[in-house]
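These notes are about the structure you will find just below.
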Amino acid sequence: QANPWQQASNAAANNWNAQRPQQQPNMGYGGTAAASKPAAKPAWQQPPAKPGAAPWQQAAAKPKPAWQQPPSASPPPAAAAAAQLFQQQKAAEAAKAAQQQQQQWIRTQQQKATEAAQAKRAEAVKAAEAARLAVQQRQQQAQQMQEQHKKAAQAHAAQRQAATQQLYQRQQAAQQQQQAQEQARQQAAMREQLAKQQQPQEKGGKGAFPGKGAYTKGGPYTQGKGAKGGKAGPQPPQPLAWVDQLSKISSVPLTQVHRPVLDLKHRFPYLSMSHDLTHAQVHFAELGSGSRVPLSPPVETINLDYNKHVLVPEGEVLPKKAEASDAKKKFRVRVALMTGKLLERPTHPINKYQFVIHKAGDAADVLPEADWIQELDGDEPTELTTQKNTAVRCIKDLYGFDLSACIFHRFMDLHYETYDGTQIQSTVLLPEVWKCPELPASIGKQVREIEEEFTKVVSYQHELTPEEIEEEKKDYFKQIEKERAQGQAVRPGEREMDRAERLEKLEEKLKQMEKNPPEVKPTKQVEKQEKDKRTVVKDISRPVFVSLLNLIGLRQGDFSHPSFTGVFETKLFALCFDEMIKVECSTHIVSWLKDYAVRWESEEEVRVAKKKRVREEAEVRTKVLQERAAKRQKREQAQKEAADAKKKEEEEKKEEPTEKKEEEEKKEEPAEKKEEEEK
């Protein structure tokens with residue numbers, strides 16, 4: 001049941017509707033139903049909507065019922081309340097519909113976004129799967145190609161090894177046959193020498209030493225019985241027949257020009273060979289070869305002048321590299337610049353030789369090299385003239401020195417063959433720098449000019465504006481306040497009396513500073529950083545001297561290292577150069593021994609006569625010395641006898657006074673006894 005206030009409101013509304021039926025809204029239900037609805041608050045009594053609320057949220061705010069509303073002094077008519085309620089319901093329905101529409105739109109957008117994400121995810125999965133399949137296919141193809149290359153390389157290596165093994169076996173057989181013949185010749189020569197030594201003894205009086213002279217009696221170099229039956233003595237050193245064959249007795253032939261890989265491994269067992277090397281042509285082993293060098297190399301034929309710069313343009317490499325092509329034959333040249341080293345004491349020739357080694361950054365130290373380029377060097381890369389052009393271009397581009405006036409010798413050729421069939425020939429040339437017109441040869445280093453940015457500090461005088469001057473003055477007083485605040489701070493362990501005294505002095509000082517502020521200068525020196533560009537000279541490569549001993553001791557890296565081939569060729573050149581020195585030294589020794597044997601036979605009579613004269617002089621000198629010794633012995637004996645006689649006389653003279661004294665003493669004794677008796 002409605003309360004009295006509600007009943008009064010309904011009655012007023014019915015009365016108003018009866019008086020003004022044209023203003024009554026079409027509510028869709030009767031006035032009684034409208035009158036039974038609770039009246040809503042007027043607009044001026046409704047609370048304000050929340051800030052940021054959506055329209056449908058504002059429309060959905062439900063008004064309080066009429067019995068909960070405070071009493072009003074002038075309550076609205078019932079028709080207005082019903083119209084307002086209808087509008088509120090309509091607004092609530094519209095807000096609800098808008099809310100439902102918005103939720104539907106949000107769900108639609110979420111569904112579309114989910115479908116798009118799923119589609120993108122599916123496409124990404126498909127792309128990843130396709131990429132994985134492509135990578136797997138490429139890996140399979142690369143693996144197949146690698147296996148094919150490996151099989152081809154193995155087959156090629158097997159063929160090359162079989163051919164090298166056959167060649168090595170033939171060389172071993174020929175070498176064994178040569179050694180057997182040499183041993184037979186040596187045995188025959190030794191038998192002939194023994195027969196020659198036994199022939200003089202059978203004839204009698206002849207010594208075993210080569211020659212015609214026999215030695216006299218008592219001679220130190222006679223054997224058996226000489227012409228006068230002298231005693232046997234030690235035999236002096238004599239040349240043997242097999243000395244002529246010293247240079248041929250070796251584990252490997254020194255005059256072999258063509259040397260396959262197995263032969264090089266046999267000669268140099270501690271050298272790591274390149275896998276692609278097939279054989280080497282060593283030209284210094286040829287008889288009469290012009291590549292022989294003096295055993296005492298000239299000193300100071302090359303001068304390292306690091307102040308001499310060879311400018312390399314930006315983006316270029318000197319010497320130029322050969323362009324990549326499908327050619328099956330490639331050629332390159334290495335240059336061995338040799339000079340001597342002055343040592344304080346005599347030493348082995350291996351320490352006297354020095355070579356110019358190219359040093360570029362962290363790369364290994366190798367002999368300078370250059371690729372053959374047809375347009376610059378010539379058409380025939382195997383001819384010495386073309387190789388000389390390549391070597392001259394290499395040294396000129398690297399060190400700035402012209403070797404065109406020097407004589408070049410082909411020292412050795414190294415032949416390679418890769419797994420794809422490409423043939424590479426590397427030639428080592430030895431120029432006669434010691435015969436160059438311009439001595440000493442001055443070589444420099446490669447440099448490159450690079451522009452780089454740098455920051456420099458520039459100072460200038462800045463004129464202060466009145467505002468800046470005022471700012472400087474304020475900063476001065478701010479500094480004073482800062483010092484005052486720092487002085488007020490409590491110091492640990494400071495007594496109160498000391499603190500008061502310190503603050504008093506500080507305050508006097510600060511007040512004096514405030515009274516006499518410094519004059520601010522109208523100008524101020526300011527420093528600022530500016531960026532500028534400058535040209536810097538950067539070293540690319542430089543030459544260094546390395547002795548032959550250090551070249552032989554070069555350390556070889558892994559086979560996969562880019563500089564392995566260069567280090568291998570440099571070390572092989574050093575070992576072959578050392579072998580050439582040994583051959584030269586042995587040749588000089590053998591030739592000297594041959595000359596010594598001939599000279600020994602030609603000077604045999606002179607030597608025998610000289611030895612006979614020496615022996616006669618020795619006999620005469622011995623006889624004279626014996627006579628002098630006998631005379632000296634007689635003289636010493638006579639002197640000894642005279643000294644003994646004189647000594648005897650002196651002893652006799654000493655004994656006579658002693659006897660006289662004893663007689664006098666005997667005469668005096670009785671007189672003394674008589675006196676004592678008398679007393």
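Any value given below was found using the heavy atoms of this structure, including those in side chains, with hydrogens, waters and symmetry copies removed. Since the model is a prediction, treat every value here as computed from it, not as a measurement.
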Is a side-chain donor-acceptor pair under 3.5 Å present for [Y] with [X]?
| X | Y | answer |
| --- | --- | --- |
| Gln165 | Arg170 | no |
| Gln281 | His415 | no |
| Ser547 | Asn351 | no |
| Thr339 | Thr301 | yes |
| Gln374 | Asp379 | yes |
| Ser274 | Asp276 | no |

More than 12 non-hydrogen atoms from neighbouring residues, nucleotides or ligands closer than 6.0 Å to [atom1] on [X], yes or no?
| X | atom1 | result |
| --- | --- | --- |
| Glu438 | CD | no |
| Glu147 | CD | yes |
| Tyr270 | OH | no |

Hey, are the side chains of [X] and [Y] touching, using non-hydrogen atoms and a 4.5 Å cut-off?
| X | Y | value |
| --- | --- | --- |
| Lys330 | Thr422 | yes |
| Tyr460 | Lys528 | yes |
| His156 | Glu417 | yes |
| Val335 | Leu337 | yes |
| Asp305 | Ile443 | no |
| Lys308 | Ser442 | yes |
| His462 | Thr523 | no |
| Phe408 | Val392 | yes |

Salt bridge or not between [X] and [Y]? Use side-chain N to carboxylate O under 4.0 Å.
| X | Y | value |
| --- | --- | --- |
| Lys456 | Asp532 | yes |
| Glu569 | Arg332 | yes |
| Arg448 | Glu316 | no |
| Glu452 | Lys531 | no |
| Arg607 | Glu605 | no |

Does [X] reach the main-chain N or O of [Y] with its side chain, forming a donor-acceptor pair under 3.5 Å?
| X | Y | result |
| --- | --- | --- |
| Arg334 | Leu367 | yes |
| Gln446 | Asp397 | yes |
| Trp372 | Glu380 | no |
| Thr390 | Asp377 | no |
| Gln387 | Pro381 | yes |
| His561 | Ser563 | yes |
| Gln354 | Lys341 | no |
| Asp539 | Ser541 | no |

- Message: side chain to side chain contact (heavy atoms under 4.5 Å, CB included) for Phe577 and Ile552? Distances and angles first, verdict last.
- Response: CA-CA 10 Å; Phe577 196 90; Ile552 294 175; over 6 Å; no
- Of all the heavy-atom pairs spanning Gly400 and Val310, show the shortest one and how long it is.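 Gly400 and Val310 have their closest heavy atoms at N-CG2, 3.5 Å.
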- Message: Looking at every heavy atom in both Lys538 and Ile450, which two are closest together, and how far apart are they?
- Response: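 Result for this residue pair: CD-CD1, 3.7 Å.
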- Message: Parallel, tilted or perpendicular: which one describes the rings of Tyr399 and His358, with boundaries at 30° and 60°?
- Response: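 If you compare the ring of Tyr399 with that of His358, the planes turn out tilted.
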- Item | Aromatic ring pairing Tyr168/His266, orientation class (parallel under 30°, perpendicular over 60°, tilted between) |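 Tyr168 vs His266 ring planes: perpendicular.
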- Might you work through the side chain to side chain contact (heavy atoms under 4.5 Å, CB included) test for Thr386 and Lys388, ending with a clear yes or no? CA-CA 5 Å; Thr386 305; Lys388 177 182 176 180; over 6 Å; no
- Does the pair Arg410 and Val428 meet the rule for a side chain to side chain contact (heavy atoms under 4.5 Å, CB included), with working shown? CA-CA 6 Å; Arg410 186 187 286 115; Val428 181; over 6 Å; no
- Task: Carefully, step by step, assess Phe545 and Phe355 under the rule ring pair (Phe, Tyr, Trp, His ring centres under 6.0 Å).
- Result: CA-CA 6 Å; Phe545 282 147; Phe355 293 91; 9.9 Å; no
